[in-house]
Amino acid sequence: NAEEGYCLLYPAEAVSNMPGWVVINPVSGPGDIPGDAWVYIQVQDAAGKTAAQFVDEQVTALGEGFNISTSEVEVDGEQAVVVDGLPGQDSNRQVFIVHNGRLYNFVFAPWFPNAAEPTPLEDLYATVMDTFHFSSQE
């Protein structure tokens, strides 16, 4: 995605006609579920904030009573914050990264951290996190 300043690899059979989405086993018909597993990548102006500041703002706005956990990882040389437990339509894992004044927010769903068997989303998560790179034009 040259316009939003990133590139990544994903399985050839995982596609979507929705901008910013990568979907495993896409469903072509109408409905709330785009496929078996998906990631939605949102990019916006970071407004001078760090990834940790965005996460802190979201968690603070929710108040108490949520089981939210965070951890830090590095993605293409930038510190990223991984967040589990943010409420949403589906159970999800989110990743927040700030690079060159832009916030990159990945929403992986449906995320089942305690599943007995590996899920398609775990492979998609590993592939995106391992292959995501910021474009050299920035």
Side-chain angles (χ1 to χ4, degrees):
N1 188 327
E3 183 179 315
E4 295 191 334
Y6 67 87
C7 64
L8 60 97
L9 298 177
Y10 57 87
E13 68 277 3
V15 295
S16 171
N17 61 359
M18 300 176 290
W21 291 72
V22 175
V23 180
I24 302 289
N25 298 323
V27 174
S28 60
D32 292 343
I33 300 174
D36 289 342
W38 59 93
V39 59
Y40 174 49
I41 301 173
Q42 304 172 79
V43 181
Q44 68 185 52
D45 179 26
K49 297 177 190 172
T50 67
Q53 288 171 321
F54 277 102
V55 171
D56 289 345
E57 285 177 2
Q58 285 199 1
V59 171
T60 300
L62 289 170
E64 295 186 27
F66 294 94
N67 186 20
I68 298 171
S69 64
T70 63
S71 60
E72 290 188 5
V73 297
E74 190 173 288
V75 176
D76 196 25
E78 295 285 2
Q79 279 301 117
V81 180
V82 179
V83 183
D84 290 317
L86 286 174
Q89 180 175 338
D90 296 295
S91 173
N92 65 75
R93 167 173 274 186
Q94 295 192 38
V95 179
F96 295 81
I97 311 164
V98 172
H99 176 77
N100 281 352
R102 289 177 161 176
L103 170 68
Y104 294 79
N105 177 217
F106 308 161
V107 180
F108 294 91
W111 188 259
F112 301 110
N114 299 318
E117 299 289 324
T119 67
L121 188 61
E122 291 176 40
D123 288 336
L124 180 61
Y125 174 79
T127 300
V128 169
M129 296 297 283
D130 290 343
T131 67
F132 185 90
H133 294 287
F134 298 103
S135 298
S136 59
Q137 296 95 324
E138 300 223 7

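Computed from a prediction, not measured in an experiment: that's the story for all the values here. For the numbers below, each heavy atom of this structure counts, side chains included, while hydrogens, waters and symmetry mates do not.
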* Structure fact -> Those residues at least two apart in sequence (or on a different chain) that pass ring-ring contact (aromatic ring centres under 6.0 Å, His included) with Phe106 are Phe132

* Are Val55 and Val98 joined in one hydrophobic group, where the rule is that I, L, V, M, F, W and Y side chains link up if heavy atoms are under 4.5 Å apart? -> yes

* Kindly write out the residues that satisfy side chain to side chain contact (heavy atoms under 4.5 Å, CB included) with Thr50, not counting sequence neighbours, or none if the list is empty. => Ala52, Gln53

* To do: Side-chain contact test, heavy atoms from C-beta onward, threshold under 4.5 Å: evaluate it for Leu62 versus Leu86 and give yes or no.
  => yes

* To do: Begin with the C-alpha distance, continue with both residues' side-chain angles, and end with the deciding distance and a verdict on side chain to side chain contact (heavy atoms under 4.5 Å, CB included) for Gln44 and Phe54.
  => CA-CA 12 Å; Gln44 68 185 52; Phe54 277 102; 4.0 Å; yes

* Please identify each residue that fulfils salt bridge (charged side-chain N to carboxylate O under 4.0 Å, His left out) with Glu57, with sequence neighbours left out. => Lys49

* **Taking every non-hydrogen atom, the tightest pair across Ala109 and Asn92** => CB-CB, 4.2 Å

* Structure fact -> Heavy atoms of Gly5 and Arg102 approach each other most closely as N-NH1, 3.5 Å

* What pairs meet the side-chain hydrogen bond (donor to acceptor under 3.5 Å, both in side chains) rule with one or both residues in residues 119-130, with sequence neighbours excluded? -> none

* To do: Would you kindly say whether Asp56 and Gln58 are connected by a side-chain donor-acceptor distance under 3.5 Å?
  => no

* To do: Go through the steps for Leu8 and Ile41 under the test side chain to side chain contact (heavy atoms under 4.5 Å, CB included), then give the verdict.
  => CA-CA 11 Å; Leu8 60 97; Ile41 301 173; 3.5 Å; yes

* Please check if the side chain of Ser91 supplies one atom and the backbone of Pro110 the other of a donor-acceptor pair under 3.5 Å. => no

* **Criterion side chain to side chain contact (heavy atoms under 4.5 Å, CB included) on Phe96 and Tyr104, from CA distance to verdict** => CA-CA 6 Å; Phe96 295 81; Tyr104 294 79; over 6 Å; no

* Asked: Transitively linked via ILVMFWY side-chain contacts under 4.5 Å: Met129 with Leu121?
  -> yes

Can I get a per-line list of side-chain donor-acceptor pairs under 3.5 Å for residues 64-77, giving both atom names and the distance, sequence neighbours left out?
residue : atom : partner : partner atom : Å
Glu72   : OE1  : Gln79   : NE2          : 3.0
Asp76   : OD1  : His133  : ND1          : 3.1
Asp76   : OD2  : Phe134  : N            : 2.7

* Atom pair OG (Ser135) and CD (Glu3), whose distance is rounded to the nearest 0.5 Å -> 11.0 Å

* Structure fact -> Tightest non-hydrogen contact, residues Leu124 and Val39, listed as CD2-N, 3.9 Å

* Asked: salt bridge (charged side-chain N to carboxylate O under 4.0 Å, His left out) with Asp84: which residues, sequence neighbours excluded?
  -> Arg93

* For the student: nearest non-hydrogen atoms of Ile97 and Ala80, plus distance -> CG1-CB, 3.5 Å

* Asked: Does one hydrophobic cluster hold both Phe108 and Leu103, with members joined at side-chain heavy-atom distances below 4.5 Å?
  -> no

* Is there a side-chain contact between Trp38 and Asp90, using heavy atoms and a 4.5 Å cut-off? -> yes

